[in-house]
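Just below is one structure, and these are the notes that go with it.
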Amino acid sequence: MISTHSDLVDFMEGLKAGPCSVPGIDLEADNLHRYAEQLCLIQVTDGENYELVDPLAIEDLSPFRDFLETATLWMHGADFDMTLFKREFDLLPKMIFDTQIAARLLGVRKFSYANLVDQHFDVQLSKSSQKENWGQRPLPDKMREYAKNDVRYLLPMGANLEEQLHEKGRYQWFIQSCAAAMDRVREREEQREDPWRIQGSGKLDSGGLNFLKALWDWRDREACSWDRPAFMVARNAQLIDWSLDLLRGKDPVIPHNFKGGRLRRLHDAMKEAKSTPKSEWPERPKRKGRRWADEQEEEFRRHAERRDLVAEELDIDPSMLAPRAVIERLVWKEDVPASLLLPWQRDLLGI
């Protein structure tokens with residue numbers, strides 16, 4: 001692995017001076033093993049060579065950051081990788097061509113990287129290292145090979161997909177969709193307001209939300225002190241179930257492996273939540289009370305039917321044209337079509 005600043009400088013200079021104008025890149029993080037995830041590995045290919053860069057060993061990654069500022073890359077399913085780029089380097093590359101987006105625009109229904117490698121090259125990749133701890137050092141040979149395979153087929157696959165997009169007249173759809181994916185990451189807030197409002201919290205009233213917030217805060221403190229992801233302490237569904245039990249005056253069923261200080265702190269958190277004054281309970285989010293008039297339902301039906309018909313003709317997933325939520329926002333005039341749909345989508349839908 002490239003593990004020194006001087007070697008990284010030489011590698012990046014060689015990559016920029018080489019014949020490959022659009023390299024392939026993948027990233028590995030330890031989000032399944034630590035409380036605060038960190039970038040653990042950068043895999044880079046120019047189509048002939050497959051290099052591993054160790055960001056845990058190199059203190060100054062500025063040569064890689066400088067490269068990113070003007071780079072166009074091939075990646076696969078790049079949403080999480082873009083979040084890491086933004087967090088680690090405070091920028092995104094100039095452009096990311098995403099093989100997953102390309103495959104979906106071509107009507108591919110199984111579009112994981114392993115699925116696409118199988119479809120294009122008749123190669124079955126091992127998934128054995130998918131959930132390993134990428135922060136461990138030294139990195140075992142098996143994991144190094146897995147990491148290199150994550151970029152080994154990226155460029156030839158990208159070339160195949162690009163050719164098919166041109167053949168079907170969908171290449172501009174691809175460019176617009178990749179650019180839009182990058183814009184969504186740029187606009188995304190790093191810290192969500194009230195992160196304790198997890199999936200399932202909508203079924204709780206204000207008292208239940210009071211218990212949920214206390215339990216979420218307890219879990220976050222435990223995960224931080226243990227340096228493990230929050231789900232290793234307790235899963236979201238457990239927090240919801242415990243909140244419902246407390247709301248009904250029942251004692252939650254706590255797993256047997258909760259012992260010692262962790263169990264004591266959990267009971268303290270529940271006890272404190274029970275004594276929280278009602279005036280301090282979180283409010284339920286105000287829902288948009290929508291009454292669909294006949295003409296609105298008709299407009300929604302018309303848009304949805306048009307979308308489904310076009311998607312069937314193109315043999316692509318209808319959500320690639322317009323998710324249901326986007327059609328609803330169009331009907332309710334919550335935004336102008338140009339901000340909700342890309343030009344290729346508006347053209348096909350006649351909007």
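In this text the structure is predicted, and so the values were computed from the model without any measurement.
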Is it true that D268 and K271 have a side-chain N and a carboxylate O under 4.0 angstrom from each other? no
Determine whether L15 and V44 make a side-chain contact, defined as any pair of heavy atoms from C-beta on separated by less than 4.5 Å. yes
Which residues end up grouped with L244 if you chain together Ile, Leu, Val, Met, Phe, Trp and Tyr wherever their side-chain heavy atoms are less than 4.5 Å apart? L32, W196, I198, L204, L209, F211, L212, L215, W216, W218, W226, F231, M232, V233, L239, I240, W242, L246, I254, F258, L263, L266, M270
With a 4.5 Å cut-off on side-chain heavy atoms, are E283 and S206 touching? no
Tell me whether R104 contacts the main-chain N or O of T99 through its side chain, where contact means a donor paired with an acceptor under 3.5 Å. no
Quick one, Y153 with Y113, criterion ring pair (Phe, Tyr, Trp, His ring centres under 6.0 Å). Give me CA distance, side-chain angles, the key distance, then yes/no. CA-CA 9 Å; Y153 303 95; Y113 181 72; 7.1 Å; no
Hydrophobic cluster identity match, L139 and I58, side-chain contacts under 4.5 Å: no
Minimum heavy-atom separation for G208 to S243, with atom names? O-CB, 3.9 Å
So, taking the atom named CD in E132 and the one named OG in S128, what distance separates them when rounded to the nearest 0.5 Å? 7.0 Å
Charged N-O contact under 4.0 Å between E145 and R152: yes
Polar side chain donor-acceptor pair, N49 to D46, under 3.5 angstrom: yes
Is the shortest heavy-atom distance from the side chain of L341 to the side chain of L330 under 4.5 Å? yes
Would you check, one step at a time, whether the test salt bridge (Lys or Arg N to Asp or Glu O under 4.0 Å) holds for D66 with K16? CA-CA 11 Å; D66 294 342; K16 286 186 282 189; over 6 Å; no
Carboxylate-amine/guanidinium contact R65 D60, below 4.0 Å: no
Evaluate the ring pair (Phe, Tyr, Trp, His ring centres under 6.0 Å) criterion for residues Y146 and W134: first the C-alpha distance (whole Å), next the side-chain angles of each, then the deciding distance (0.1 Å), finally the verdict. CA-CA 11 Å; Y146 174 95; W134 290 97; 5.8 Å; yes
Run the side chain to side chain contact (heavy atoms under 4.5 Å, CB included) check on Q136 and M143 step by step: do they pass? CA-CA 10 Å; Q136 63 179 294; M143 292 178 67; 3.4 Å; yes
Heavy-atom donor-acceptor pair, S319 side chain to P323 backbone, under 3.5 Å: no
Is there a donor-acceptor pair closer than 3.5 Å between any side-chain N or O of D30 and the backbone N or O of H33? no
What heavy-atom pair brings K142 and S129 nearest, and what distance separates the two atoms? CE-OG, 3.8 Å
Should we count CD of E59 as having more than 12 external heavy atoms under 6.0 Å? no
Answer with yes or no after comparing the ring centroid distance for F64 and F11 against a 6.0 Å cut-off, counting only values under it. no
Side chains of D122 and V117: closer than 4.5 Å at any heavy-atom pair? no
With a 4.5 Å cut-off on side-chain heavy-atom distances among I, L, V, M, F, W and Y, is there a chain of contacts connecting F80 to M75? yes
Around atom CD of E167, are there more than 12 heavy atoms of other residues, nucleotides or ligands at under 6.0 Å? yes
Under 4.5 Å between side-chain heavy atoms, counting indirect links through other Ile/Leu/Val/Met/Phe/Trp/Tyr residues: same cluster for I2 and L52 or not? no
Taking E222 first and then R265, would you say they form a salt bridge - that is, a charged N and a carboxylate O separated by under 4.0 Å? yes
Quick one: CG on L73 to CG on L68, what's the gap to the nearest 0.5 Å? 6.5 Å
ILVMFWY network linking L56 to I42, side-chain heavy atoms under 4.5 angstrom: no
Step-by-step side chain to side chain contact (heavy atoms under 4.5 Å, CB included) determination, Y50 to Q43: CA-CA 7 Å; Y50 315 97; Q43 304 105 287; over 6 Å; no
To the nearest 0.5 angstrom, please state how far the NZ atom of K203 sits from the CG atom of L247. 12.0 Å
Centroid-to-centroid, F174 to W344, below 6.0 Å? no
Inter-residue atom distance Q172.CD - S177.OG, 0.5 Å rounding: 10.5 Å
Just do the side chain to side chain contact (heavy atoms under 4.5 Å, CB included) check on M320 and L105 with the steps written out, would you? CA-CA 7 Å; M320 293 297 289; L105 287 173; 3.7 Å; yes
For the residue pair E69 and K94, establish whether any side-chain heavy-atom pair is separated by less than 4.5 Å. no
Using a 3.5 Å distance criterion without hydrogens, assess whether the side chain of Q119 forms a donor-acceptor pair with backbone atoms of K110. yes
Rounded to the nearest 0.5 Å, how far apart are CG of N257 and CZ of R262? 8.0 Å
Any side-chain heavy-atom pair of D79 and R188 under 4.5 Å: yes
If I take atom CG from residue N210 and atom CD from residue E272, how far apart are they, to the nearest 0.5 angstrom? 9.5 Å
Does the pair F85 and V185 meet the rule for a side chain to side chain contact (heavy atoms under 4.5 Å, CB included), with working shown? CA-CA 10 Å; F85 280 144; V185 173; over 6 Å; no
Between K86 (side chain only) and R186 (backbone N and O only), is there a donor and an acceptor less than 3.5 Å apart? yes
Using a strict 4.0 Å threshold on nitrogen-to-oxygen distance, state whether E299 and K333 make a salt bridge. yes
Taking everything shown except R235 itself, do over 12 heavy atoms lie less than 6.0 Å from its CZ? no
Would you find a donor on one side and an acceptor on the other, under 3.5 Å apart, between the side chain of E312 and the backbone of L309? no
Main-chain N/O of C178 paired to D98 side chain as donor or acceptor, under 3.5 Å: no
Assess whether a salt bridge exists between E298 and R301, defined as any Lys/Arg side-chain N lying under 4.0 Å from an Asp/Glu carboxylate O. yes
Basic-acidic side-chain contact under 4.0 Å: D217, K213: yes
Heavy atoms of other groups near D251 CG, more than 12 under 6.0 Å: no
Salt bridge R109-D317, side-chain N to carboxylate O under 4.0 Å: no
Taking the side chain from S339 and the backbone from D335, do they hold a donor-acceptor pair closer than 3.5 Å? no
Between R219 and N236, does the side-chain hydrogen bond (donor to acceptor under 3.5 Å, both in side chains) criterion hold? Intermediate values first, please. CA-CA 10 Å; R219 182 182 69 171; N236 285 351; 2.9 Å; yes
Test item: R170 and L314 side chains (from C-beta on) under 4.5 Å apart, heavy atoms: yes
Short side-chain to backbone donor-acceptor contact, R34 and R228, under 3.5 Å: no
With distance as the sole test, does Q345 use its side chain to make a donor-acceptor pair with the main-chain N or O of L342 at under 3.5 Å? yes
If you define the side chain from C-beta out and look only at heavy atoms, does anything of M1 sit under 4.5 Å from L41? yes
